[in-house]
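Encoded as structure tokens, the structure appears first; notes follow it.
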Amino acid sequence: MAVIQARNLTKKFGELTAVSKLNLDINEGEVFGLLGPNGAGKTTTLSMLSTLLLPTEGSASVNGFDISKEASKVRHSIGFVFQDPSSDDLLTGRENLYLHALMYGVNMRQANKKMDEVLRLVNLSDKQHQRMRTYSGGMRRRLELARGLLHEPKVLFLDEPTLGLDPQTRENLWGYIKKLSREKKVTIIITTHYMEEADMLCDRLAIIDHGKIVALDTPANLKKLLGGDVVKLKIKKPKLAAVRKLKFVKKVRQDGEIVTLTVQDAGKHLQEILRHIGNVESVESRVPTLNDVFIYFTGSEIREQEGEGGFFERMIRRGNK
Amino acid sequence: MGELNGLYALWYREFKVFQREKSRLLSSLIQPLMWLVIFGTGLGSSIELGISGSGISYQQFIYPGILCMTVLFGSLFFGLYIIMDKRVDFMKEVLVAPLSRTTLFFGKVLGGATDGTIEIIILMILGALFFGIPFTFYSAIITLIIIALLMVSIISVGLILGSLMNSLEGFGLVSSFVIFPLFFLSGALFPVKNLPAWLYAFVAANPVSYAVDGLRTVILGTGSFGLPTDIIVVLGFAVAMVLIGTYAFSRMKI
Ligand SMILES: Nc1ncnc2c1ncn2[C@@H]1O[C@H](COP(=O)(O)OP(=O)(O)OP(=O)(O)O)[C@@H](O)[C@H]1O
Ligand SMILES: [Mg+2]
């Protein structure tokens, strides 16, 4: 049986439907990714699965326990690393870990050893006795990660765990996450905005947009789904009708001045496309990445102010090079 | 066992923070001392208390009231800390832990009561040393019991408000509507005996009055309601607030 099962899971905040009729089955030991633009409903989904929020409709179970009716049993078996800071910065790093160990009933004889271990993992052993007020953002993040691992949960929710981490720590962490899932059969649900991370870490992933799952498969299959290479063009008046007629053009997508084509064997056919489409300002062709899959399913409009900038901005930057 | 560990964890946090925030302790002591020294001496030099032959100065007379005031102002603040926890995800970290909401509530109450009791003990020592408060072993123990009950009640009120609200400013506004009437209508600053009936009604309806009266009875040997009544009312108030508080916590949303 699946460790996590969601059926028509729905959360409404007043008028806004943050999560809409979500169905999920996540298996034991799986690293499952949730991707989606800002405000897609990732955190809300994790909050419901971890019993922090009650669903408006639908149901879900974690480790066989119902999230609404058996909340306390669910909480015993999960760990959560939150998106936003969640430690007391008047306490030292180690004191925050100690608090956590107490709250989760970690055996005190093992707790000290375990604390040393997780502190070493995130490379904070020499900072452990400093107040967290003096930590940098990344160090704080690392400590909170260590804390989530402390009580060895069966299911681990990681909400953008690597946000703001340096590349070294990030790689370390990927290794550890993989080890947890392979060796200890911990089921891990992770949200991230780093496509490369999702690609290399997740066994399967779901892309959600406006609270709905728009794609769900392994990273490899999702990339295959695009059915060819990606050709992006910046062009004012594209002649899309002509391009659509070409048999090696599988998909056409237009977002303002950006036209994205999915093309079989783009290297061979690029010339012909350029001949048909009109006056192009810039063009780029490559094998598809998860990023393309993401943009393909969620479009290129920017959802919130935050984030690393939309596709359009990045394209301009590229075009200027 | 798990819940007990959790209770200890929550207490541990409150206490550590209290130890680190020295300014919190200092400011909680300065205010009552200013009342005693400035208000007590200033007003005391020009009014007659009407408790003839007792030899009690006005400064001594308001001392029990000032202890209660310290509890009022210090304890309600614990509701504010809840709101601050909600602002960051620390609240989520606690709420997602496998602890019951009741444990969470009592952890907060115990943590707050520990901090508050330390403040009160310091004020009692200062009172005995510098303000001529005639503490005996017996009166000191009863004082601490009454103070502890009042503290639990007011911390609970603070936590109830904190669990319902999300804004610091809103909490400040609501709490001043709670604190000032409770304080001024408690007879902390004036004898209750010769009040006009309408004012007496307010004072008699205010549970804090009974704490003040109880303290005055054991410390100074003068009071209005009688010690058993005082203790029963203060105890009842504490039980009621704890019950409402655990309920409010069970309904608290992130
Ligand atoms: N407590 C709340 N009250 C009202 N609306 C909320 C609340 N929490 C979230 N929302 C809304 O629900 C939607 C989904 O939010 P959520 O935090 O789940 O997004 P997300 O996918 O985690 O985004 P991000 O990538 O920015 O973290 C957003 O539109 C958000 O504004
Ligand atoms: Mg989020």
Side-chain angles (χ1 to χ4, degrees), chain A residues 13 43-44 46-54 62 65 67 70-92 94-108 111 131-133 140 143-144 147-148 150-151 153 155-157 159-160, chain B residues 1-25 77-78 80-108 110-112 114-115 163 166 246 249-254:
Chain A
F13 295 110
T43 300
T44 308
L46 296 193
S47 300
M48 283 191 284
L49 291 176
S50 62
T51 79
L52 279 169
L53 283 177
L54 271 177
V62 173
F65 301 118
I67 55 161
E70 299 167 293
S72 140
K73 284 181 180 157
V74 171
R75 293 210 298 268
H76 268 284
S77 57
I78 62 173
F80 206 130
V81 174
F82 299 100
Q83 182 173 351
D84 297 319
S86 63
S87 36
D88 190 327
D89 57 7
L90 278 177
L91 302 183
T92 68
R94 196 179 179 93
E95 283 166 348
N96 267 297
L97 293 183
Y98 177 62
L99 269 188
H100 185 89
L102 281 171
M103 290 197 292
Y104 280 83
V106 177
N107 180 317
M108 273 306 132
R131 290 189 201 176
M132 285 190 65
R133 191 171 269 184
R140 185 173 185 144
L143 190 105
E144 289 172 2
R147 190 179 61 182
L150 193 60
H151 62 287
V155 177
L156 191 55
F157 296 97
D159 201 354
E160 301 192 26
Chain B
M1 195 57 209
E3 297 286 333
L4 227 79
N5 271 339
L7 197 67
Y8 172 68
L10 295 162
W11 176 86
Y12 173 88
R13 179 196 177 214
E14 296 294 334
F15 192 63
K16 278 280 166 194
V17 170
F18 174 74
Q19 279 183 319
R20 306 254 152 99
E21 294 269 75
K22 293 279 184 327
S23 58
R24 209 149 118 182
L25 178 66
F77 260 101
F78 286 94
L80 204 65
Y81 301 138
I82 287 263
I83 296 178
M84 276 150 63
D85 283 354
K86 278 191 200 168
R87 290 249 168 134
V88 286
D89 275 354
F90 187 84
M91 195 52 144
K92 288 193 190 166
E93 153 76 1
V94 176
L95 290 183
V96 88
L99 298 174
S100 75
R101 294 291 178 90
T102 315
T103 302
L104 176 53
F105 178 78
F106 279 102
K108 289 266 169 198
L110 284 182
T114 308
D115 305 352
S163 76
N166 287 316
T246 39
F249 259 50
S250 73
R251 319 243 40 198
M252 179 168 50
K253 301 221 169 65
I254 48 163

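Just the heavy atoms: all of them, side chains too, but no hydrogens, waters or symmetry mates, feed the values below. In what follows, chains carry the letters A, B, and so on, assigned in the order in which the sequence lines appear, proteins first and then strands, with residues in each chain numbered from 1.
- Atom CD in Glu144(A) sits 8.5 Å away from atom CG in Asp89(B) (nearest 0.5 Å).
- Proximity to chain B is absent for every atom of Leu54(A), based on heavy atoms less than 4.5 angstrom apart.
- Considering only heavy atoms from C-beta on, Val96(B) stays 4.5 Å or farther from Phe157(A) through its side chain.
- For Thr51(A), no part sits under 4.5 Å from any heavy atom of chain B, backbone or side chain.
- Taking chain B as the reference chain and counting heavy-atom pairs below 4.5 Å, the highest number among Ala101(A), Gly105(A), Pro85(A), Ser47(A) is found for Pro85(A).
- Taken to the nearest 0.5 Å, the CG atom of Leu46(A) stands 9.5 Å off from the NZ atom of Lys92(B).
- Contacts with chain A were tallied for Arg13(B), Met91(B), Lys16(B); Arg13(B) has the most, counting heavy-atom pairs under 4.5 Å.
- Ranked by non-hydrogen atom pairs under 4.5 Å with chain B, the options Gly148(A), Gly79(A), Ala71(A), Ser87(A) are led by Ser87(A).
- Glu93(B) has its side chain within reach of Met103(A): a pair of non-hydrogen atoms, C-beta onward, lies under 4.5 Å apart.
- For Phe77(B), the CZ atom is loosely surrounded, since the number of other residues' heavy atoms within 6.0 Å does not exceed 12.
- For the pair Arg75(A) and Leu99(B), the minimum side-chain heavy-atom distance is 4.5 Å or more.
- Nearest heavy-atom pair, Leu91(A) versus Arg20(B), reported as atom, atom and distance to 0.1 Å: CA-NH1, 3.6 Å.
- Nearest heavy atom pair, residue Phe90(B) against residue Asp88(A), reads CD1-N, 3.7 Å.
- Counting only heavy atoms from C-beta outward, the side chains of Trp11(B) and Leu102(A) never approach each other to under 4.5 Å.
- Neither the backbone nor the side chain of His151(A) has a heavy atom closer than 4.5 Å to any heavy atom of chain B.
- With chain A as the partner, the residue from Ala97(B), Pro98(B), Ser100(B) showing the most heavy-atom pairs under 4.5 Å is Pro98(B).
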